[in-house]
Amino acid sequence: WKCNSEIDYLSIHCNRKDCGVIQNVFPNDVTYFEILGVGKKVNGQLQPTYDIDSDQLRKNFLLLQQRVHPDSYSTKEDRQEYNYASQQSSLINKAYQVLRDPLSRAKYMLKLNNISISESESLQDQELLMEILDVREQLEEA
Amino acid sequence: MTEENYAIGIDLGTSYSSVCIWKNDEVKIIENDYGYRTTPSYVAFTDSEILIGDAAKTQINLNPCNTIFDIPRLIGRSIYNKDVQSGMKYWPFSVVEKNEKLHIRVKYKEEWKDFTPEEIASLLIIKMKETAENYLDRQVKNAVITVPAHFDNLQFQAIKNAGLIAGLKIIRIINSPTAAAIAYGLKTKAIGKRIVLVFDLGGSTCNVSLLAFDCGIFEVKAVIGNYDLGGKYFDDSIVNHFVQEIKRKFKKSLSKTDLCRIRTHCERAKCKLSTSDCALIEIDSLLDDYNTTLTRAKFEELNEDLFQSAINLINKVLNDARIDKTEVHEVVLIGGSTHIPRIQKLISKFFDGKELIKSINPEEAAARGAAIQAAILSGNKSKKIRDVLLLDVNAFAFSIETSDGIITSFIERNTTLPIEESKLFKLSTKGSSYKDTLDRNPKNNYNILIQIYEGERYYTNLIGQFELPISSSASKIEITLKLNLNLVLKVSAVEKINGRNSKINKKEITINNGLSEEEIERMVSEAENYRTEREIIIQKMQARTDFEIYIHRLDRIINDINNMNMKNKLEKAISESFTWLDNNEEAEKDEYERKKKLLKETVNQIADETLWRR
C-alpha cells in the first residue's frame with residue numbers, strides 16, 4: 001500500500017527491498033492453516049487437516065509473531081504501520097489459539113465446511129469427534 | 001534511540017518501588033538520593049511539606065494518620081472493594097468516598113485535603129522519575145511500569161492516569177513476575193524451549209507467571225495473582241497474636257499509634273526469622289517496655305494457611321496453562337517474602353525437591369525487566385535485546401451480556417495479546433433463550449443494550465455498556481472486542497442487513513471508567529504546584545545546609561588560631577550564627593543566603609583587621 005507494488009498472496013511484508021512495509025491483514029477467505037503454514041499440501045496449497053505437527057505450528061507462530069508484533073513497530077512514525085501490525089498480530093494469535101487446541105481445531109474445520117455445531121448439541125466428546133474426523137479423512141482419501 | 005523516546009522501567013510495589021534503565025548494553029538500577037536501590041512506596045503530608053519515599057517512611061510513627069502506603073491496593077478501586085475494606089481496618093490514614101470515588105483524607109499544611117489514589121501514586125512515580133532524571137541528567141518522558149498480576153482493566157487505567165499526572169507516558173504495563181522473567185531470561189540465554197515459573201511473593205500480593213522461553217521469545221502461558229497474600233498479611237498474623245496476648249495479660253486496649261509501632265517491630269522480627277530461629281520484640285514505652293520473643297516455629301504455625309494458599313496458586317497457574325509440574329524446567333523466586341525458609345521449602349517440595357533459583361535479586365528483578373521492555377519499545381537496537389519479544393496475556397476474561405440476559409464469553413483469560421474477537425448474534429422478537437440469539441429490548445424495539453463484563457464465574461464486574469439502534473430489516477448484529485497490548489478494550493457493534501454491515505447503525509466505545517480528561521488536567525496542574533513547592537523546600541534546605549557547613553568549617557579552623565583577639569571575635573560571630581539558626585528553623589532560602597553572606601563579610605573584616613594591626 002505504501003509503494004503501490006503488487007503484493008504476493010500470503011505475504012506479510014512488501015517484497016520490494018527498499019519498501020518492506022507491513023501489509024494489511026489477509027483477505028477473509030485465507031484459512032488459519034494457510035496463515036500459520038500448516039496442513040496438507042495439495043497442488044501447492046495448504047489444505048486444512050486435523051493431523052498437524054504441533055511443534056511446527058508453534059515454531060511458525062513464534063517466527064510470524066517476531067515479524068509482525070506491534071512492539072517492533074512502536075517507534076514507527078506512520079501509525080498505519082503500527083495498526084496493521086496490531087491487526088496482523090491479533091489474527092495470528094487468533095489462528096494459533098484455534099489450531100493449537102484439538103477440539104477448537106476440529107470445530108474450525110467443520111465451520112470451514114459450513115457445518116456448525118453449538119455446544120448445546122453436546123458434541124463435546126473429544127474421542128467421538130476425532131473418530132468422526134478420522135473417518136471423514138479416510139472417506140476423502142478413498 | 002532518540003532523546004524523546006528514552007524510557008525507564010519502574011516497579012511500583014506495595015511496599016517498595018525501584019527504577020531501572022537500559023544503558024550501555026545492560027540494565028542499571030538507579031539509586032535514590034539516600035543511596036538506596038529501592039524506595040519505600042510511602043507518601044507523607046506534614047505541616048509544611050510533602051515527603052516521599054525514605055523521608056516519609058522514617059517519620060511514620062510520628063505522623064501515622066498522614067502517611068500513606070499500600071497504594072497499589074487502593075488505586076482504581078471502589079471503597080466497597082473487599083480488599084479495601086479489610087485494609088481500612090488497620091490503615092492509620094482515613095479512606096473516604098467523595099463523588100462516588102475513593103479518596104484519601106489527610107491533613108496537609110493544617111488543612112484537610114482529599115487525594116485520589118492516582119494522585120498519591122503520581123507522587124511516587126514523580127519520585128522515581130526524578131531519581132532517574134538526576135542520574136541521567138536529562139528529562140524522561142516514557143516509562144514501562146510493573147504492577148501485580150491481579151490488576152484489572154480499571155486499575156491499569158488508573159496507573160496510566162497516575163503516570164499522566166506525573167508527566168510520564170506509561171508505554172506499557174506488565175505484571176511483575178513476567179517482567180522478572182524477562183530479566184532472568186536475558187541473563188541466562190539458553191538454547192531450546194524452556195518452561196519457567198516465576199513465583200513473586202511481595203508486600204501484599206502473590207503473583208505467579210508461567211512462561212515458555214524460546215529463541216529470545218518470552219511467551220506467557222498463564223498468569224495469576226492474589227491480593228490476599230504477602231508480607232503484610234504475615235505481619236498481620238503476628239500483630240494479631242501479640243495484640244491478643246497483650247489484651248489477655250494486661251487488659252489494655254491499644255491505640256492506632258500503638259498498633260503502628262507494634263507492626264513495625266513485628267515486621268522486623270519476621271525478617272530476622274528468615275535467618276535465625278528466634279527474634280526478640282522490644283517495644284519502648286508500651287506497657288513499661290513490653291518485651292517478648294517470637295520463634296520461627298510459632299511464626300510458621302501462625303501463617304501455615306497463608307503459605308498453603310500460595311502453593312495452591314502455583315497449582316492453579318499450571319492447570320490454567322495445561323502444563324504438568326514435571327514439565328517446568330526452572331522455578332524462579334522473587335519478592336521480599338520469598339526469603340521465608342518455610343515458603344522455599346514448600347515450593348521445593350511441591351516440585352518434588354527441585355532446586356529453586358534465588359540468584360536474581362528479588363527486590364529488583366521486576367524493575368529490571370521493565371527497563372528491558374522499555375528499551376525494546378523505544379527502538380533500542382542493542383544486539384542483546386534485538387530479538388527479545390514478550391508475548392503477554394490478559395489476566396481477566398471479558399464477556400458480553402445482551403438484553404436477554406445471556407452472557408457470551410468473548411476473550412478468555414490468558415489469551416495472547418493483541419486479540420480481536422467477533423461474534424454474530426441473530427435477532428429475534430420473541431423471548432427465546434437460544435445461545436447467540438438476541439432479544440430486541442422489550443421497552444424499545446429498535447435498541448439493543450450491550451453490556452461488557454470483566455472476569456468470570458465468582459467475580460464479574462460491569463465495566464461498560466451502550467445501546468445499538470437497529471433497523472427493522474436487520475437480522476443479525478456483529479459484536480467485536482479488541483484488546484490491545486496495553487489492555488485497552490474497544491467494543492464495537494454493527495447491525496447486518498442481508499449479510500452486509502450497516503453504515504448507519506454501528507457504534508464503537510473504548511472502555512474507560514477512570515478519571516475524565518478535565519480531572520486529569522486539574523491533577524496535572526496540582527501536581528506541578530506540589531512539585532514547585534517541593535523544589536522551594538529543597539532549595540531552602542540546601543541553603544540552610546550550605547550555611548551550616550560553612551559555620552562548621554569556620555568552627556574547625558578557629559581552633560587552630562593562636563591570635564586570641566581574632567579567635568574571640570570569630571567565636572562570637574559563629575555562636576551568634578548558631579543561635580540564629582536554632583531560632584529560625586523555617587527561614588526562607590534568601591534569608592539563609594543573606595545570613596551566610598553577612599557572616600562571610602564579618603569574618604573577612606575580622607581577618608583584615610588582624611592583618612592590618614600586624
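Throughout, a chain's letter reflects where its sequence line sits, starting with A, and its residues are numbered from 1. Keep in mind that the numbers below use all heavy atoms, side chains included, and drop hydrogens, waters and symmetry copies.
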A:Ser86 and B:Pro418 have their tightest heavy-atom pair at O-CG, 3.7 Å
_If you define the side chain from C-beta out and look only at heavy atoms, does anything of A:Asp101 sit under 4.5 Å from B:Arg322?_
yes
May I ask you to check whether over 12 heavy atoms, not counting those of B:Glu412, lie within 6.0 Å of atom CD? no
Other residues, nucleotides, ligands: >12 heavy atoms within 6.0 Å of A:Asn83 CG:
yes
* **Ion pair check, B:Glu420 and A:Lys94, cut-off under 4.0 Å** => no
In this structure, CG of B:Leu389 is separated from CZ of A:Arg67 (nearest 0.5 Å) by 13.5 Å
Side chain A:Ser74, main chain B:Leu377, donor-acceptor under 3.5 Å: yes
Turns out that what part of B:Lys193 lies under 4.5 Å from chain A's heavy atoms comes down to side chain
By side chain to side chain donor-acceptor pair (under 3.5 Å), A:Asp53 pairs with (sequence neighbours left out) none
Chain A shares the most heavy-atom pairs under 4.5 Å, among B:Leu483, B:Ile376, B:Leu417, B:Asn484, with B:Leu417
Honestly, the part of B:Leu390 sitting under 4.5 Å from a heavy atom of chain A is backbone
Value for CD (A:Gln97) from OG1 (B:Thr416), rounded to nearest 0.5 Å, stands at 7.5 Å
Under a 4.5 Å heavy-atom criterion, the part of residues 54-65 of chain A in contact with chain B comprises A:Arg58, A:Phe61, A:Leu62, A:Gln65
Interatomic distance, CD1@B:Ile217 vs CD@A:Gln66, rounded to 0.5 Å, equals 4.0 Å
So, the part of B:Ile419 with a heavy atom under 4.5 Å from chain A: the answer is both
